[in-house]
Colleague: 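Mind looking over this structure? Questions follow.
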Amino acid sequence: MPFLTHGSYRIRYELDGPANAPAYVLVNGLTQYSELWRTYRDALIARGFRVATFDLLGQGASDKPTLFINQDDHVLALDRLIDELGDGPVFLSGISFGGMIALRYAIEHGKRLSGLVPMSCFAELSPQLLLIGNALRTGLILGGTGYLQDLLLPMNLSDEWLKPLLDKLDGVKRQGWLVNDIYALQNLMESFLDFQPLTPQLASIAVPTMILNGEFDFLTPRALHETLRAEISNSALVIIQRAYHAFTLEKGALTADLLARFADDVLAGRWQGNKAVWIAPEDPGGELTRFPAGYDHLRAIPVMGKLT
Amino acid sequence: MNGFFGPLDPEGRVPPRQQTRVAAFLISAHGALARQFAFTLPLKLDAAWQTELNAQFYRETEIVSLLMRATTWVPDLALGYMAASWETAWFPTPIEGIADRSLGQAVHLATLAHAVHAGIRPAALLPVEANASDPFVMALRRIEFESGRLLQAQIMFLKGPDLVPFRAAVSATLESRHIDLRKLWSGTLESVGIAVDE
């Protein structure tokens with residue numbers, strides 16, 4: 001198990017695929033651990049990519065700072081990991097908390113990237129997200145990691161995914177419960193206490209950007225992704241059908257396919273963001289569809305509106 | 001060796017030798033916290049925050065009482081010298097960078113309690129097949145759950161405004177406390193055939 005060092009801390013990472021291939025770096029969400037990217041690793045390597053995954057400070061097998069985790073440390077650790085990849089093209093993707101870390105990296109080191117894919121992401125804490133985040137933190141404090149998982153599972157995954165697992169949920173939760181420590185999760189959550197919105201800096205991101213948002217994402221709804229689309233010039237928003245916040249878990253094959261196609265388009269010079277809004281296919285390999293002209297993609301019902 | 005208790009008996013119970021050594025370690029650590037909270041707890045509370053000292057003292061005592069009753073004990077000759085090394089590790093030590101003795105003592109106690117409550121997860125040693133109706137299994141789950149709650153007082157104090165000027169000293173002391181405690185805990189587990197990931 002290889003480790004990077006960041007100050008006095010060790011960061012566990014994994015690097016697979018051909019050394020001279022374009023690389024995808026995948027950044028975990030808050031309660032995630034790097035093994036959850038296994039489907040992506042296999043799919044992207046099969047499509048000719050090199051894949052780097054890692055546990056953030058405070059997660060999984062990486063060191064868990066006891067009292068404070070600064071979000072700057074995640075960006076620095078990510079920079080160390082990307083340094084390991086050499087000079088080839090690098091595509092960076094992250095989900096939720098990891099998407100926000102990826103955004104910060106793109107703001108600070110955008111020239112190093114060939115493409116960016118924020119997923120279920122946000123650049124600022126809306127009142128809803130702030131209050132939900134506070135409630136989740138209280139849930140963690142009062143009920144432990146298991147209770148936090150109990151809250152997140154139904155919020156972030158569909159009935160279709162949950163239904164066959166209803167009588168096996170303890171098993172589904174167990175690995176996450178084993179590798180996540182309360183104090184480390186709490187430190188990660190409390191790293192938002194002095195969070196400053198990234199929105200004013202988003203315009204500095206010039207790299208091709210594909211923003212992925214689940215159709216039914218409750219935790220980080222469309223409006224939060226719209227901020228990214230509106231501010232990042234070479235971006236497009238892709239809505240994942242029938243998906244919730246954790247669509248990377250639920251629709252791994254489809255999402256990995258979209259990641260590979262985005263990188264292929266960028267490398268071939270075909271990518272044009274144009275701040276367009278697209279609807280992802282239901283299955284891997286299907287066609288993306290333009291969001292119908294004239295309708296408001298921020299609404300849940302077909303109301304006429306105009307794209308800005 | 002693997003990272004869990006076992007092999008379990010046919011009823012899903014943890015081997016008594018593992019119960020004995022793990023319970024002895026937990027009693028030593030939580031017992032030390034109970035004693036140190038007892039010495040810190042005034043007879044008459046002067047401030048609202050001292051109510052938390054009272055809660056911590058009684059929760060620690062409860063953990064010791066629970067383990068004494070829920071554990072299947074067996075004779076263990078090695079416990080004598082092991083317990084001696086554990087007990088000396090809980091002694092108060094001066095905190096480098098904090099000259100005020102009473103503040104230093106408070107930081108010592110909070111960092112020790114943080115390390116015990118955050119760094120030791122006894123329920124995570126239970127394999128899936130562990131019998132949920134067994135008192136030792138239930139005791140470990142309770143201890144881990146209660147530790148997560150008790151920990152909040154340490155987090156609030158160590159991250160709080162009183163210690164902002166001493167943040168570097170507090171962080172260094174806490175990291176070192178965690179490392180020392182992890183070493184003792186890992187040694188205890190490995191002595192009964194339970195591997196610990198490092």
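This is a predicted model, so every value here is computed, not measured.
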Colleague: State, with a plain yes or no, whether a side-chain heavy atom of A:Phe68 is found less than 4.5 Å away from one of B:Leu174.
Modeller: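 Sidechains of B:Leu174 and A:Phe68: no contact.
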Colleague: Heavy-atom distance under 4.5 Å to chain A: side chain of B:Arg167, backbone, both or neither?
Modeller: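 Contact with chain A involves the side chain of B:Arg167 alone.
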Colleague: Looking at B:His114, B:Lys159, B:Arg149, which makes the most heavy-atom pairs under 4.5 Å with chain A?
Modeller: B:Lys159
Colleague: Which answer fits B:Glu175, side chain, backbone, both or neither, if we ask what part of it has an atom under 4.5 Å from a heavy atom of chain A?
Modeller: both
Colleague: If I measure from the heavy atoms of chain B, does A:Asp170 come under 4.5 Å with its side chain, its backbone, both, or neither?
Modeller: neither
Colleague: Taking side chain as everything from C-beta outward and backbone as N, CA, C, O, which of these in B:His117 sits under 4.5 Å from a heavy atom of chain A? Side chain, backbone, both or neither.
Modeller: neither
Colleague: With a 4.5 angstrom heavy-atom cut-off, which part of B:Glu144 approaches chain A: side chain, backbone, both or neither?
Modeller: side chain
Colleague: Mark yes when over 12 heavy atoms from residues, nucleotides or ligands other than B:Glu96 sit less than 6.0 Å from its CD; otherwise mark no.
Modeller: no
Colleague: Is chain B contacted by the side chain of A:Leu67, its backbone, both, or neither, given a heavy-atom distance below 4.5 Å?
Modeller: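 Backbone plus side chain of A:Leu67, per the 4.5 Å heavy-atom cut-off to chain B.
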Colleague: Could you have a look at A:Leu178, A:Thr66, A:Ile182 and say which one has the most heavy-atom pairs with chain B under 4.5 angstrom?
Modeller: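 The option with the most such pairs is A:Thr66.
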Colleague: With a sphere of 6.0 Å drawn around CZ of A:Phe195, does it hold more than 12 non-hydrogen atoms of other residues, nucleotides or ligands?
Modeller: yes
Colleague: Please look at B:Val128 and chain A and tell me whether the side chain, the backbone, both or neither of the residue comes under 4.5 angstrom of a heavy atom of that chain.
Modeller: both
Colleague: Can you tell me which portion of B:Leu151 sits under 4.5 Å from chain A's heavy atoms? Options are side chain, backbone, both or neither.
Modeller: side chain
Colleague: So for B:Ala115, is it side chain, backbone, both, or neither that comes closer than 4.5 Å to the heavy atoms of chain A?
Modeller: neither
Colleague: Is it the backbone or the side chain of B:Leu150 that comes under 4.5 Å from a heavy atom of chain A, or both, or neither?
Modeller: neither
Colleague: When you look at CG of A:Leu193, are more than 12 heavy atoms from neighbouring residues, nucleotides or ligands closer to it than 6.0 Å?
Modeller: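 Check passes, neighbour count above 12.
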Colleague: Is the count of non-hydrogen atoms from other residues, nucleotides or ligands lying under 6.0 Å from A:Arg174 atom CZ greater than 12?
Modeller: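 Yes.
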Colleague: How long is the gap from OG1 on A:Thr145 to CZ on B:Phe145, to the nearest 0.5 Å?
Modeller: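 If we round to the nearest 0.5 Å, A:Thr145:OG1 and B:Phe145:CZ are 10.5 Å apart.
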Colleague: Counting only heavy atoms not in A:Arg80, do more than 12 fall under 6.0 Å of its CZ?
Modeller: yes
Colleague: Kindly check if the number of other-residue, nucleotide or ligand heavy atoms within 6.0 Å of CE (A:Met155) is above 12?
Modeller: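 Counting other residues, nucleotides and ligands, CE of A:Met155 exceeds 12 neighbours.
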Colleague: Given a strict heavy-atom distance threshold of 4.5 Å, which part of A:Tyr147 is in contact with chain B: side chain, backbone, both, or neither?
Modeller: neither
Colleague: With under 30° as parallel and over 60° as perpendicular, where do the rings of B:His178 and A:Tyr183 fit, or are they tilted in between?
Modeller: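 Tilted: the ring planes of B:His178 and A:Tyr183 meet at 30° to 60°.
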Colleague: Can you tell me if CD on A:Glu35 sees more than 12 non-hydrogen neighbours from other groups inside 6.0 Å?
Modeller: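 More than 12 within 6.0 Å, yes.
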Colleague: What do you reckon, is CD of A:Gln196 surrounded by more than 12 foreign heavy atoms closer than 6.0 Å?
Modeller: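 Not more than 12 within 6.0 Å, no.
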